[in-house]
Amino acid sequence: MALGFSGKSVTFGPILKRDFYARPTVEVARALLGKVLVHGPAAGIIVETEAYLGSEDLAAHSARGLTPRTRVIFGPPGHAYVYFIYGMYECFNLVAEPDGHPGAVLVRALEPAAGLDLMWQRRPAARKLEDLTSGPGKLTLALAITRAQDGADVTRGSLVVRQPVERRAIEIQTGPRVGISQSTDWPLRFSIKGNPFVSRA
DNA sequence: GGTAGGATGGGCT
DNA sequence: GCCCATCCTACCC
């Protein structure tokens, strides 16, 4: 069973190629809404993203420069940046911008689209469908994305982003990012307006 | 309906 | 030693 934006079934189209990611981070963050994140048998439609810029964005991990943890953000686009947070959770990003230029898009929420049984098993704390993947730590649990995928090429392999077969018109809601303490006023959070799987209205 | 507080460990100063 | 790009539970309307 697969859900669409309005409950209709959705199948998956071609994998997004590297040039999709090789452009300004904000463009990538907006363009990812409605695309399908697939990891093995589990998949979800991306409904909420945040852009983290390389320069002057003090909320971005890359603001402190290239370190062992942040090296992937400075590398070629179309790769996964996965980091460990609050001692318990992992967050999944897609690297944007040309090689050598930092920039990453945090995927904050998905609409479950495939592998629902697996997701329920991996998310025993979830009480209802809207709880399964409506947050950055929730969706990595549901899709079994861990630091083992840090640096993975998302244009090939088992962790990829696909075009939905049916393109639909969506309205993008823009606002400040969540859970940060610096650069808090920048409008770098994007979501599909009205989608019930967004982490916060 | 709402929120305060705790869990838990890696990264960097 | 402090700061986290978070989530869940308990408890209170």
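A, B, ... follow the sequence lines: proteins, then strands. Residue 1 opens every chain.
Applying the 3.5 Å distance criterion, the base of C:dA5 shares a donor-acceptor pair with the side chain of A:Tyr83.
Residue A:Ala59 is classed as a base contact, given a heavy-atom separation below 4.0 Å to a base. Residue contacts shown for A:Leu106 include a base, since a base heavy atom lies under 4.0 Å away. Counting non-hydrogen atoms under 4.0 angstrom, A:Arg123 reaches the backbone sugars and phosphates but no base. Using a 4.0 Å heavy-atom distance criterion, A:Gly137 is classed as a sugar-phosphate-only contact.
Rounded to a whole Å, the CD atom of A:Gln182 is 7 Å from the P atom of C:dC4. Summarising the geometry, the separation between CG on A:Asp131 and P on C:dT6 is reported as 17 Å, rounded to the nearest angstrom. One interatomic measurement links the two molecules: CD of A:Glu90 to C1' of C:dT6, which rounds to 12 Å at whole-angstrom precision. In this entry the distance linking CZ of A:Arg177 with P of C:dC4 reads 13 Å, nearest Å. If you take OH of A:Tyr89 and C1' of C:dA5, they are 15 Å apart, rounded to a whole angstrom. Atom CZ in A:Arg122 sits about 20 Å away from atom C1' in C:dC8, given to the nearest Å. If you take CG of A:Leu58 and P of B:dT13, they are 13 Å apart, rounded to a whole angstrom.
A:Leu110 is listed as a side-chain neighbour of A:Leu143, based on a closest heavy-atom distance under 4.5 Å.
When distances run from any side-chain atom of A:Thr67 to the nucleotides B:dC12, C:dC7, C:dC4, the shortest one goes to B:dC12. Which of C:dA5, B:dC12, B:dG10 sits closest to the side chain of A:Arg147 comes down to B:dG10. Distances from the side chain of A:Phe84 to the nucleotides B:dG10, C:dT6, C:dC7 place B:dG10 closest. In this structure, of C:dA5, B:dC12, C:dC8, it is B:dC12 that holds the atom nearest to the side chain of A:Thr70. Which of C:dA5, C:dC8, C:dT6 sits closest to the side chain of A:Tyr86 comes down to C:dT6. Set against C:dA5, C:dC7, B:dA7, the side chain of A:Lys138 has C:dC7 as its closest nucleotide. Picking from C:dA5, B:dG11, B:dT13 the nucleotide with the shortest atom distance to the side chain of A:Arg69 gives B:dG11.
The backbone N or O of A:Leu159 sits nowhere less than 3.5 Å from a side-chain atom of A:Gln149 that would complete a donor-acceptor pair.
Contact between the side-chain N/O atoms of A:Ser181 and the OP1/OP2 oxygens of C:dC3 is not found at any separation under 4.0 Å.
Considering A:Ile46, A:Leu32, A:Asn93 as possible partners of A:Val105, the one that fulfils the side-chain contact (heavy atoms from CB on, under 4.5 Å) test is A:Leu32.
Under the 3.5 Å distance criterion, with hydrogens and angles disregarded, no donor-acceptor pair is assigned to the side chains of A:Glu90 and A:Thr140.
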